[in-house]
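One is the number of the first residue; the rest follow in order along the sequence.
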Amino acid sequence: DALRADDNIAIMSYSSVDFEVHGRVQGVCFRMYTEDEARRLGVVGWVRNTRQGTVDGQVQGPTDKVRQMQEWLAKKGSPSSRITKCNFTNEKQVKQLDFNDFRTTY
């Protein structure tokens, strides 16, 4: 059954994706909430403010958890944020994680 095969793939490998969130996402605790959500889901990576007024970063972890994080980044964010667009790039499967945790970088 196809679902079971996909589950096995998710256990053996991880997903990695880069993101950039546009809108009112700076000065609204977006990075802090992103860290909290990432830790809640058990994904790793980083988040930072950009000079362009966006927030970007990278998420890695089990595919289903990375998908949940993508959904959160694109639709939810922090309570005071207003997300107008979220771009995901460089999506790929990886054999191992590049990070031990999820943190804000500068």
Novice: Would you please say whether a donor-acceptor pair under 3.5 Å links the side chains of S16 and Q58?
Specialist: yes

Novice: To the nearest 0.5 Å, what is the distance between OG1 (T105) and CG (N49)?
Specialist: 9.5 Å

Novice: Decide whether L97 and V43 are clustered together by the hydrophobic rule: side chain heavy atoms of Ile, Leu, Val, Met, Phe, Trp, Tyr closer than 4.5 Å, transitively.
Specialist: no

Novice: A quick test of your reading: do over 12 heavy atoms of other residues, nucleotides or ligands sit less than 6.0 Å from OH of Y33?
Specialist: no

Novice: Within a 6.0 Å radius of atom CG on N90, are there more than 12 heavy atoms belonging to other residues, nucleotides or ligands?
Specialist: yes

Novice: If you round to the nearest 0.5 Å, how far is CZ of F102 from CE of M69?
Specialist: 5.0 Å

Novice: Atom CZ in R31, atom CG in D36: separation rounded to 0.5 Å?
Specialist: 13.0 Å

Novice: Just so I know, are the side chains of R24 and S80 near enough to count as touching, which here means a heavy-atom distance under 4.5 Å?
Specialist: yes

Novice: Going only through I, L, V, M, F, W and Y residues with side-chain contacts under 4.5 Å, is there a path from F88 to V94?
Specialist: no

Novice: Is any side-chain heavy atom of M32 closer than 4.5 Å to a side-chain heavy atom of T104?
Specialist: no

Novice: Would you check if the side chain of Q26 reaches a backbone N or O of T54 as a donor-acceptor pair within less than 3.5 Å?
Specialist: yes

Novice: Is a side-chain N or O of Q60 found less than 3.5 angstrom from the main chain of Y14, in a donor-acceptor match?
Specialist: no

Novice: Does S81 reach the main-chain N or O of I83 with its side chain, forming a donor-acceptor pair under 3.5 Å?
Specialist: no

Novice: Hydrophobic clusters here meaning ILVMFWY residues chained together by side-chain heavy-atom distances under 4.5 Å, can you tell me if V55 and V44 are in one?
Specialist: no

Novice: Side chains of Q70 and V59: does their closest heavy-atom pair fall under 4.5 Å?
Specialist: no

Novice: Going by an N to O cut-off under 4.0 Å, is there a salt bridge joining E71 and R67?
Specialist: no

Novice: Any donor and acceptor pair, going by atom type alone, linking the side chain of S78 with main-chain N or O of V28 inside 3.5 Å?
Specialist: yes

Novice: Starting at SG of C86, measure out to CD of E20 and round the result to the nearest 0.5 Å.
Specialist: 8.5 Å

Novice: May I ask you to decide if F30's main-chain N or O and T34's side chain share a donor-acceptor pair within less than 3.5 Å?
Specialist: yes

Novice: For side chain to side chain contact (heavy atoms under 4.5 Å, CB included), just list the numbers for Q93 and T63, CA-CA rounded to whole Å, side-chain angles, deciding distance to a tenth of an Å, and then say yes or no.
Specialist: CA-CA 8 Å; Q93 296 297 115; T63 301; 3.9 Å; yes

Novice: Is it the case that one hydrophobic cluster holds both W46 and V21, taking links as side-chain heavy atoms less than 4.5 Å apart, direct or via other members?
Specialist: no

